[in-house]
Amino acid sequence: MGFLISLIFFGFMIFFPLIQAMNNNISITYIGMLLALQGVGAWLARKFIYKSLSEINSFLIIGVGLLISAISILIIQVGGNTSEIIGFTVRGSGLGVATIAVLSSPYEFCNKNQIKDTSAITRVIQQIGGAFGGVLSGILINLTQDQIMSINFAYQTMFFMSLVFGFLAVIVYIFFGRIDTNI
């Protein structure tokens, strides 16, 4: 799940600014401010939402976070300042909650002597996922520049990936959500 969260998070974070800058001549400062709103959304989710979710299975939290991320892409795709501001804030809250769950849940399943390894493995998996997200973004941008796919279809690809990964996490929760965490 850490791999998938990072792929979605960093993939769209690379895709959006590049596609906007290349095709719409939008200010890089404006794009940077939009991306910063993801951090604001993550902070809001951490402060107000995540504490109430601490008793819920991590896979469900991750799945809902990814589904919120998918919805935010639709909001962003509408275009215009208001929808982009709302979309990036919503995206940050969904991915913020999912990322916190991904980072904290592995510690439920490890012994104290495994904490260092768990921490390193979790971080490496996220970095690999982020790199694959960058590759995905590059492929989508290249396909739009070569006019093999439309920009709209590239956005839809990002949307459906978030949606599928979100449903995957929810399905894992449904089938494996009752696993005893006292291993």
Side-chain angles (χ1 to χ4, degrees), residues 1-28 30-42 45 58-103 122 124-174:
M1 288 285 109
F3 175 87
L4 298 177
I5 293 284
S6 292
L7 185 144
I8 294 297
F9 180 73
F10 291 107
F12 192 76
M13 195 162 66
I14 293 168
F15 171 78
F16 179 80
L18 291 176
I19 205 78
Q20 290 296 319
M22 290 186 324
N23 293 309
N24 297 328
N25 295 324
I26 293 177
S27 161
I28 298 297
Y30 173 73
I31 292 171
M33 291 184 344
L34 286 176
L35 293 174
L37 287 173
Q38 289 184 129
V40 171
S58 295
F59 284 109
L60 184 59
I61 295 170
I62 293 165
V64 170
L66 284 169
L67 294 175
I68 290 170
S69 168
I71 292 166
S72 72
I73 293 172
L74 293 178
I75 296 169
I76 292 165
Q77 190 179 5
V78 169
N81 293 348
T82 304
S83 67
E84 289 172 345
I85 289 168
I86 293 168
F88 274 99
T89 305
V90 168
R91 180 174 169 72
S93 66
L95 288 175
V97 167
T99 301
I100 292 167
V102 161
L103 290 173
T122 302
V124 168
I125 287 171
Q126 284 189 303
Q127 288 177 324
I128 293 170
F132 273 87
V135 169
L136 172 68
S137 294
I139 290 169
L140 291 174
I141 289 169
N142 188 45
L143 292 173
T144 61
Q145 294 301 304
D146 291 346
Q147 297 181 348
I148 295 172
M149 79 168 46
S150 69
I151 293 172
N152 188 39
F153 189 76
Y155 272 101
Q156 289 173 2
T157 301
M158 288 288 191
F159 164 76
F160 283 114
M161 286 183 62
S162 292
L163 196 66
V164 167
F165 294 158
F167 281 128
L168 175 67
V170 171
I171 289 168
V172 168
Y173 162 72
I174 290 168

Closest approach of [X] and [Y], non-hydrogen atoms and distance?
X: I128; Y: F3; result: CG2-CE1, 3.7 Å
X: I62; Y: A98; result: CG1-O, 3.8 Å
X: I76; Y: F16; result: CG2-CE1, 3.7 Å
X: L35; Y: P17; result: CD1-CG, 3.6 Å

Going by the rule side chain to side chain contact (heavy atoms under 4.5 Å, CB included), which residues pair with F160 if we only count those two or more places apart in sequence or in a different chain?
Q156, L163
For L60, the side chain to side chain contact (heavy atoms under 4.5 Å, CB included) test, sequence neighbours excluded, returns I56, V64, V170, Y173
With rounding to the nearest 0.5 angstrom, report the [atom1] to [atom2] distance, [X] to [Y].
X: L66; Y: S162; atom1: CG; atom2: OG; result: 6.0 Å
X: M149; Y: T157; atom1: CE; atom2: OG1; result: 4.5 Å
X: T122; Y: L103; atom1: OG1; atom2: CG; result: 7.0 Å
X: F12; Y: Y155; atom1: CZ; atom2: OH; result: 5.0 Å
X: T144; Y: L18; atom1: OG1; atom2: CG; result: 10.0 Å
X: Q77; Y: I75; atom1: CD; atom2: CD1; result: 11.5 Å

Quick one, L136 with M161, criterion side chain to side chain contact (heavy atoms under 4.5 Å, CB included). Give me CA distance, side-chain angles, the key distance, then yes/no.
CA-CA 11 Å; L136 172 68; M161 286 183 62; 3.3 Å; yes
Name the residue from D146, L140, I139 that meets the side chain to side chain contact (heavy atoms under 4.5 Å, CB included) definition with N142.
D146
Listing, residues 84-97 side-chain donor-acceptor contacts under 3.5 Å, not counting sequence neighbours, or none:
unit_1	atom_1	unit_2	atom_2	d
E84	OE1	Y30	OH	2.5
T89	OG1	I85	O	2.8
R91	NE	Q38	OE1	2.7
R91	NH1	S69	OG	2.8
R91	NH2	I8	O	2.9
R91	NH2	F9	O	3.4
S93	OG	V90	O	2.7

Could you please spell out the steps behind the side chain to side chain contact (heavy atoms under 4.5 Å, CB included) verdict for M13 and S137?
CA-CA 9 Å; M13 195 162 66; S137 294; over 6 Å; no
If we ignore hydrogens and angles and just use 3.5 Å, is the side chain of S6 paired with the main-chain N or O of Q126 as donor and acceptor?
yes
Got M1 and L168 here, is their nearest side-chain heavy-atom distance under 4.5 Å?
yes
